[in-house]
Amino acid sequence: MGNFGLKVDKFIEIFIEQNGYVKVVQGLQNTVFIAVAGLIIGILIGTVIATVKVLPKYKMLPRVLNGVCNLYVALFRGTPIVVQLLVGYYVLVPLTGVNLPGIRVAMIVFGMNSGAYISEIMRSGIQSVDSGQMEAGRAVGLSFGTSMMKIVIPQAVKNILPTLGNEFIALIKETSVVSFIAVADLYMAFNYIGTNSYEFMVPYLVMALIYIVLVLIITLLVRVLERSLKKSDRRN
Amino acid sequence: MIDVINLKKNFGSLEILKGINITVNKGDIVAVLGPSGSGKSTFLRCLNCMEDPTEGSIIFNGVDIADMKVDINVHRRHMGMVFQHFNLFNNKTVLQNVMMAPAYLKCKDLKQAKSKNRMTKVKNLFRGNKEELIQITATKEQIKAEAKQQALNLLKRIGLDDKADAYPSTLSGGQKQRVAIIRSLAMNPDVILFDEPTSALDPEMVGEVLELMKELASEGMTMVVVTHEMGFAREVASRVIFMDDGQIKEEAPPEEFFDNPKDERLKEFLSKIL
């Protein structure tokens, strides 16, 4: 432990004097961007899949859609996120010939991945809303989609907010694997500092702290959001 | 106004409705009585296709709405429904509950009319005899303001205008049901279906809901009411129907129905409750 102070000095030297903080800020930004974009895309995809899954199934189209959604969920829950990133970046991007930077690929892949998980969360949320709500919406002449969007899903989201917060936290931590496709996230930034100082103890410790702080901030945000959505509730 | 022809409904292999024939004319107040499990609620829910009929047709204003090809949402606008458990939208305030459907649907119609007009204009460029545009009388803001005003008037009518911005969870059962009734009233329906509107209320609150229903009845609103309130059926209904085992066993004006029942099962039913 004697030279811990020395290690800290070395870290600070690289962090401040050799512009290490620029990398860290950049990495933090990328991490947060990927997680937020992933969550937004995930919620959109998840909502669509969950809606398809609760559609009445006596016509052909909903059944086909349901099959497609099941396949999607099986695919994205059945493979590790790292594999999805690698396939996306090193297989699909060259094959399709689109010119996408790694960070965009990461956003899309994380979005599609969490969409598969959020679809199940959302479905349980939708099913937790009393079926009378949908019936009342249909009875005044609103369509299935409108009743869903305006009445059922707002109530479902309120019910699943804590779980959705969980998903966001998991997402922000999972983004630490994007270095596999050479995206400069938090891990890459601190790895850079470590390699330059031949000293990894302090950088990785600081990295862990930053992740914890990020997660605590999200926890707080979810709590605030939950409180503001509570106004139509009698529970308090 | 509503003609039900040979309506049948199965849940799996279970036959709930075994061929119902009935006609509801404008201004009729039809009370549907019967023991539980007799199919009263299913019958009512089939009337606006909340449950899709297995067989038979429901002719509403000249259109068979049991046909799966018909856009049921259009016809449901003219058919209000009031539920046993109120089913007010929990995420909306009382005012929003009442004004949401009319405001939203009219805005949607406006949007459709506008886009159709745009198409017509483009087509008219290439046509000799020009097609007429759809008249647009109100803007979106006007529609919303109008719906809000109408909702406030309705709320004032039931004495709940001070609760306009409250959420349904803060209302009592009777208040919720009255709001639910004016919510369906806000669509200016041709007929309102009541599915045991007072069964989930305590006795004290039943009165205020029945009072509102009587008021509607006296204004000439067509109503189909599934109920256990014999007093209401006798006093307000123009016709009473007794259902048992998925069939209509007796259909008569209330005096005859209660004082001179013909069906054996109905006699037994009445002797138990009166």
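What you are looking at is a predicted structure, and each value in this text was computed from that prediction instead of being measured. All chains are named by letter (A, B, ...) in the order of the sequence lines, taking the proteins before the strands, and each is independently numbered beginning at 1.
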Handout entry: Rounded distance [0.5 Å steps], CD in A:Glu135 versus CG in B:Asp195
Key = 9.0 Å
Practice task
Return yes when atom CZ of A:Arg104 has more than 12 non-hydrogen atoms of other residues, nucleotides or ligands closer than 6.0 Å, and no otherwise.
Solution key: no
Practice task
Indicate yes or no for a side-chain donor-acceptor contact from B:Asn91 to the backbone of A:Lys150 under 3.5 Å, with no hydrogens or angles considered.
Solution key: yes
Exercise for the section: Verify the neighbour count for atom CZ of A:Arg63: are there more than 12 heavy atoms of other residues, nucleotides or ligands below 6.0 Å? Expected result: yes
Practice task
Find the one option among B:Arg45, B:Met79, B:His75 whose heavy-atom pairs under 4.5 Å with chain A are most numerous.
Solution key: B:Arg45
Problem - Flag if over 12 foreign heavy atoms under 6.0 Å of CZ, A:Phe33 - result: no
Problem - Minimum-distance pair of heavy atoms, taken over all atoms of B:Arg76 and A:Gly141 - result: CB-CA, 4.0 Å
Handout entry: Crowding at CE, B:Met1 (>12 non-hydrogen neighbours, <6.0 Å)
Key = yes
Practice task
Working to the nearest 0.5 Å, report the span between CE of A:Met134 and CE of B:Met50.
Solution key: 10.5 Å
Practice task
Taking the side chain as every heavy atom from C-beta outward, state whether A:Leu142 and B:Met100 have any pair of such atoms under 4.5 Å apart.
Solution key: yes
Exercise for the section: Nearest 0.5 Å please: distance from the OG atom of A:Ser147 over to the OH atom of B:Tyr104. Expected result: 9.0 Å
Exercise for the section: Verify the neighbour count for atom CG of A:Asn99: are there more than 12 heavy atoms of other residues, nucleotides or ligands below 6.0 Å? Expected result: no
Problem - Residue part contacting chain A, namely of B:Phe86, when any heavy atom lies under 4.5 Å - result: neither
Fill in the blank from the handout: Looking only at B:Asn73, B:Val74, B:Val82, most heavy-atom pairs under 4.5 Å shared with chain A are made by B:Asn73
Handout entry: Within 6.0 angstrom of B:Glu219 CD, more than 12 heavy atoms from elsewhere
Key = yes
Handout entry: side-chain contact (heavy atoms from CB on, under 4.5 Å) between B:Ile72 and A:Arg138, worked out
Key = CA-CA 9 Å; B:Ile72 185 69; A:Arg138 298 305 304 275; 4.1 Å; yes
Handout entry: Exceeds 12 heavy-atom contacts within 6.0 angstrom, atom NZ of A:Lys23
Key = no
Practice task
Could you tell me whether B:Lys116 atom NZ has more than 12 heavy atoms of other residues or ligands within 6.0 Å of it?
Solution key: no
Exercise for the section: For A:Ala139 and B:Asn48, work out which heavy atoms get closest and say how close. Expected result: CB-ND2, 4.4 Å
Fill in the blank from the handout: Comparing A:Val152, A:Thr146, A:Asp130 against chain B, the one with the most heavy-atom pairs below 4.5 Å turns out to be A:Thr146
Exercise for the section: Starting at CE of B:Met68, measure out to NZ of A:Lys59 and round the result to the nearest 0.5 Å. Expected result: 5.0 Å
Fill in the blank from the handout: Interatomic distance, CD1@A:Ile151 vs CG@B:Asn97, rounded to 0.5 Å, equals 8.0 Å
Handout entry: Interface moiety of B:Phe83 toward chain A, non-hydrogen atoms closer than 4.5 Å
Key = side chain
Problem - NZ-CD distance between B:Lys92 and A:Gln155, expressed to the nearest 0.5 angstrom - result: 9.5 Å
Practice task
Below 4.5 Å from any heavy atom of chain A, which atoms of B:Asp71 appear? Answer side chain, backbone, both or neither.
Solution key: neither
